[in-house]
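Some notes on the structure that comes next.
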Amino acid sequence: MRLGVNVDHVATVRQARRTFEPSPVFAALIAQQAGADQITLHLREDRRHIQDRDLELIKELVKIPVNLEMAPTEEMRSIALRVRPDRVTLVPERREEITTEGGLDVASSKEKLKEFIKPIKEAGIEVSLFIDPEEEQVRASKEVGADAVELHTGNYANFWNEHRFGEAEEELRRIERAGRLARDLGLKVYAGHGLTYHNVKGILRLRDVIEELNIGHSIVANAVIFGFERAVREMIEILKGEKS
Ligand code: PXP
């Protein structure tokens with residue numbers, strides 16, 4: 001399975017101080033160096049983490065594919081058509097949510113989405129729709145002309161994290177069924193949301209259906225922890241005058 005590294009929450013830490021560090025652009029380059037297959041970033045309407053300039057710099061500097069997650073709004077479409085990421089993933093967005101809370105309801109806005117997607121595809125940008133693992137949503141995604149679907153793994157992850165393994169297994173089966181249907185319809189199949197170093201192991205069983213995972217929060221969270229000791233040691237060295 002390919003890995004798309006979502007760098008949003010590097011920017012979340014930066015925006016806590018509206019300063020210059022840590023930079024999601026730098027993180028994207030390190031992810032590329034470490035072997036990531038893709039950089040994923042979500043430019044939210046409220047710009048709570050990624051800023052327009054981050055997107056521009058990442059597109060300019062990173063050589064692996066760039067996947068822009070965005071809400072289906074006119075503003076975002078004009079940014080996508082200007083910056084030209086390799087892929088646009090359409091996600092629902094509500095201002096008050098902490099994170100994306102569910103898939104896009106493609107089935108109830110087919111005509112609108114079909115029109116929205118057309119110029120993006122014409123610009124040579126792949127279009128993926130972030131949907132719940134439901135047959136109706138998969139079929140609607142095909143009808144509106146998407147190239148791919150990203151199946152929402154948030155419910156699976158939540159069940160797993162709460163040790164409700166029976167329900168996690170049922171959710172995994174739903175993801176598998178939706179993934180197989182999408183593949184049979186000729187759509188590419190990706191997945192993501194809420195995946196961690198632990199719960200991702202269940203998803204690996206679907207490697208013949210899902211070709212790519214997009215993972216963000218858990219990687220950023222672990223980067224903070226893995227790097228904390230070194231960061232403290234380096235500050236102590238500076239305070240001791242051992243390092244300039
Ligand atoms: N895929 C999509 C469509 C998302 O919206 C997000 C979160 O921005 C992710 C994957 C990554 O989720 P997480 O940060 O929980 O790994």
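Only this structure's heavy atoms are used, side chains among them; waters, hydrogens and symmetry mates stay out. These numbers were taken from a predicted model, which means no experiment stands behind them. By convention here, the first residue in the shown sequence is residue 1. In each ligand, atom 1 is the first atom listed, and ligand 1 is the first ligand listed.
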Worksheet item: Which ILVMFWY residues are connected to Ile236, directly or by a chain of links, through side-chain heavy atoms under 4.5 Å apart?
Response: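 So far as hydrophobic clustering goes, Ile236 is joined with Val224, Phe228, Val232.
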
Heavy-atom gap Ser218 to ligand 1 smaller than 4.0 Å
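So Ser218 does not count as touching ligand 1.
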
Suppose I only count heavy atoms of [X] and a 4.0 Å limit; which atoms of ligand 1 are within that range?
| X | value |
| --- | --- |
| Val91 | 3 (C) |
| Ile215 | 16 (O) |
| Asp8 | 8 (O) |
| Asn214 | 10 (C), 11 (C) |
| Glu150 | 1 (N), 2 (C), 3 (C), 10 (C) |

Filter on salt bridge (Lys or Arg N to Asp or Glu O under 4.0 Å), then keep only pairs touching residues 139-151, sequence neighbours left out; what's left?
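Only Lys110-Glu143, Lys121-Asp147, Glu135-Arg139 qualify under salt bridge (Lys or Arg N to Asp or Glu O under 4.0 Å).
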
Exercise. Closest by any non-hydrogen atom to atom 2 (C) of ligand 1: pick that one out of His193, Glu93, Glu69, His152.
Key: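 Selected option, by shortest heavy-atom distance: Glu69.
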
Checklist entry - Just by distance, with hydrogens left out, do Thr40 and Asn6 show a side-chain donor and acceptor under 3.5 Å apart? => result no

Asn214 versus Glu69, side-chain donor and acceptor atoms under 3.5 Å:
no

- Message: When you compare ligand 1 with His217, is there at least one nitrogen or oxygen pair between them that comes in under 3.5 angstrom?
- Response: yes

Review point. Where is the tightest heavy-atom contact between Arg2 and Tyr190, given as atom of each residue plus distance?
Key: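 Result for this residue pair: NH2-CE2, 3.6 Å.
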
Parallel under 30°, tilted from 30 to 60°, perpendicular over 60°: which one fits the rings of Trp160 and Phe165? perpendicular

